[in-house]
Amino acid sequence: MELGRPGSGKRRLRDLLLLKDNRFCADCRASDPKWASANIGVFICLKCCGVHRSLGAHISKVLSVTLDEWNDDEIDAMIEIGGNSSANAIYEAFIPDGFSKPGPDASHEQRSRFIRSKYELQEFLKPSLRISSAHSDKSNIQANFATRVMNSFRSSQKQEGMVDFIGLLKVKVIKGTNLAIRDMMTSDPYVVLTLGRQTVQTCVVASNLNPVWNEELTLSVPQSFGSLKLQVYDYDTFSADDIMGEADIDLQPLITSAMAFGDAGLFSNMQIGKWLKSHDNALMSDSTVNIVDGKVKQEMTLKLQNVESGELDLELEWMAS
């Protein structure tokens, strides 16, 4: 989907909203959000919208996707950020271990506490990116809090000796095959990805051992990155979720190949690297790294480990800073 093309501003905004990670509220995961914070770059639900408005437009400028008029700068800013996953990879990069985001049914108090911590107090940002809201210029939305956070994030990538994140990793969780049974006859699977202190997860697919997600998740990649940990769980309403297998993904072939070639947009479609199947990893077959339409991507099928059955299909995409 080409979001950067010329055309109707509202059409470009709707195209962005149709991306998988933007179909759920960035703050509580409620489905079908119809509001957005134009300067932060996230789509949000009606309940979270009320809290965002209370922060003030210098922190979060709230607009309706369908009812309000958007100018080109606001739409361009939303598209540059890329939506909920990309923004959350920054604003939630340092959520403490064991911390739970509010869900769609959270109380107003729970929702308000989290949103204020996330955007106003900046408790989950990398410390060097935090900016005192007391110094925000409320009269100048173009020099707003969120824009300065994004600019600070970009500039921090370029400072020698201060590079904590070297890029973004998009993981498209495509589907599962023959997953393990954890309920009476079936399971309610979802996928959790962990890189360093960051954790993201897919939605739950109810009663399905061959689920199709086609869901994109985004993580910031630190300079000293390790493997990407993947876990599949069975969602349970009244008890702890059951593990349905796991796998470690070696990111070295993808990132090393991408950095060696530099700007992928300068090259035609081609293979530039490979992660080889071995008895030490979860690959079902060799996984190649390719330049596809100017993007560096890697498809793979993983055999889930420490479980009786199950495979998972993924597509990784590397986005350098």
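Everything numeric in this text was worked out from a predicted model, so none of it was measured. Counting begins at 1 with the first residue of the sequence.
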Does either side chain, that of Gln298 or that of Ser287, offer a donor lying less than 3.5 Å from an acceptor on the other one? yes

The reported gap from CD1 in Ile59 to CD1 in Ile40 (rounded to nearest 0.5 angstrom) is 8.0 Å

Taking atom types as modelled, find out whether Asn39 and Ser37 have a side-chain donor-acceptor pair closer than 3.5 angstrom. yes

Distance alone, cut at 3.5 Å: any donor-acceptor contact between the side chains of Ser227 and Asp250? no

Would Arg12 and Asp76 count as a salt bridge (charged side-chain N to carboxylate O under 4.0 Å, His left out) here? Give the steps. CA-CA 9 Å; Arg12 294 166 66 211; Asp76 289 343; 2.8 Å; yes

Around atom CE of Met270, are there more than 12 heavy atoms of other residues, nucleotides or ligands at under 6.0 Å? yes

Here the gap from Leu13 atom CG to Leu18 atom CG, rounded to the nearest 0.5 Å, amounts to 10.0 Å

Is there a donor-acceptor pair closer than 3.5 Å between any side-chain N or O of Asp263 and the backbone N or O of Gly265? yes

Under 3.5 Å donor-acceptor, Asn281 side chain and Ile249 backbone: no

Value rounded to 0.5 Å, distance of CG in Asn84 from OG1 in Thr218: 9.5 Å

Donor-acceptor under 3.5 Å (Asn208 side chain, Pro189 main chain): no

Atom CD of Glu69 with >12 non-hydrogen neighbours under 6.0 angstrom: no

Fit a plane to each ring of Tyr235 and Tyr190, take the angle between them on a 0 to 90° scale, and name the class: parallel (under 30°), tilted (30 to 60°) or perpendicular (over 60°). perpendicular

Kindly compute the distance separating CD (Glu92) from OG (Ser220), expressed to the nearest 0.5 Å. 11.0 Å

Answer yes or no: does atom NZ of Lys175 have more than 12 heavy-atom neighbours from other residues, nucleotides or ligands under 6.0 Å? no

